[in-house]
Amino acid sequence: MHTRTLGSDLRVSAVGLGAMGMSQSYGPNPGDRDDMIAVLRSAVDLGVTFFDTAEVYGPYVNEELVGEALAPVRDQVVIATKFGFRIEDGRPAGLNSRPEQIRAVATASLERLGVERIDLFYQHRVDPQVPVEDVAGTVGELVREGKVRCFGLSEASARTIRRAHAVHPVTAVQSEYSLWTRDPEPEVLPTCTALGIGFVPFSPLGKGFLTGAVDASTAFAADDVRTAIPRFTAENRAANQTLVEHIAALATAKDATPGQVALAWLLARHPSIVPIPGTRHTARIEENAGATRVPLSADELSDLDGLAGRIGVQGDRYNAHHMSLVDK
Ligand SMILES: NC(=O)c1ccc[n+]([C@@H]2O[C@H](COP(=O)([O-])OP(=O)(O)OC[C@H]3O[C@@H](n4cnc5c(N)ncnc54)[C@H](OP(=O)(O)O)[C@@H]3O)[C@@H](O)[C@H]2O)c1
């Protein structure tokens, strides 16, 4: 797979792998822990060199899983992780990006990942109680100490990105972005382009919906995160199906899959965009990586650009609580 560059010099595969679903969010795993380690290792064999985890995934166990799986190929991969949630009784309980907390998480994440340096350390959510200058300053110190290589932000506004970047260079911003979630387009993406910051779309497959694998009849497990997302009520899934049918028709015409079209559209938006689809299946890693070989014509791109606006997506991408954590 070809590579892309985030920021000035973080080289990663054009499509990465999100590991979150191996520890939470999407219902029971299709296999045990050893199976997930095998899936992560198969990603490397398929050319993926960019892996995404976080302290809060699990919490904690996802970093351990990713660290163990990638230990044999440590020098060939880039591992991104995140700080910024307060974790109580094994659950996220608000935000905490105070400098001493960032330092404590860095130490613990290094240990759990089994690495000497965190390649990319994102603030998971902007903490309104802590000026982002203090966050950037603390991560900058960790960079100078050799514990962190690059700094990132997640779901940060353009203004916050500029403030942080003025203190320590931001290498990548990670926010939700896909054919049906276009929030970063007006301000965040132009800001990243202007400042030379990479952009990493999370949930690039619309939490599975854009692949066509989910429809109004899909029964989610009780702990599946989609049960709490307005866009995924049965009624809204039925309404949003038109979007997937359109993507699927284009995919068929191009001998590709709907998920590949969704990822190819993101890749075509800008050369420093690197999506991180999440999956627990090697075959789907291979399919998703194949998006790099799906060229979209100017007409196809413009058709996809206007799709969500023409059809009208029903339901918010987050519930009110999760929306309140997004930096405005
Ligand atoms: N910064 C943040 O706040 C934040 C928030 C959310 C996610 N993330 C990161 O972004 C990564 C990706 O986001 P996401 O997992 O939420 O959403 P996503 O990548 O849009 O979708 C994941 C879902 O799609 C399914 N899937 C993946 N490839 C498929 C394919 N080719 N065909 C059919 N179904 C497919 C997966 O199921 P299977 O696993 O069963 O294949 C899973 O249910 C996460 O793993 C995480 O690392 C970050």
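Read the numbers this way: they start at 1 and go in the same order the structure lists the ligands and their atoms. None of these values were measured; they are calculated from a predicted model. Heavy-atom basis, side chains included; hydrogens, waters and symmetry copies ignored.
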Criterion side chain to side chain contact (heavy atoms under 4.5 Å, CB included) against Asp119, the qualifying member of Val77, Val12, Val78: Val78
For ligand 1, the residues whose heavy atoms come within less than 4.0 Å (ordered by chain, then number): Gly18, Ala19, Met20, Tyr26, Asp52, Tyr57, Lys82, His124, Arg125, Ser154, Gln174, Phe202, Ser203, Pro204, Leu205, Gly206, Lys207, Gly208, Thr211, Ala213, Arg226, Ile276, Pro277, Gly278, Thr279, Arg280, His281, Arg284, Glu287, Asn288
By salt bridge (charged side-chain N to carboxylate O under 4.0 Å, His left out) - contacts of Asp52 (at least two apart): Lys82
Qualifying salt bridge (charged side-chain N to carboxylate O under 4.0 Å, His left out) pairs, either residue in residues 265-275, two or more places apart: Glu185-Arg269, Arg269-Asp305
Parallel, tilted or perpendicular, as decided by the 30° and 60° cut-offs, for the rings of Trp180 and Phe209: parallel
Salt bridge (charged side-chain N to carboxylate O under 4.0 Å, His left out) partners of residues 249-266, not counting sequence neighbours, each pair once: Lys254-Glu300
Whether His124 and Tyr57 hold their rings parallel, tilted or perpendicular, with breakpoints at 30° and 60°: perpendicular
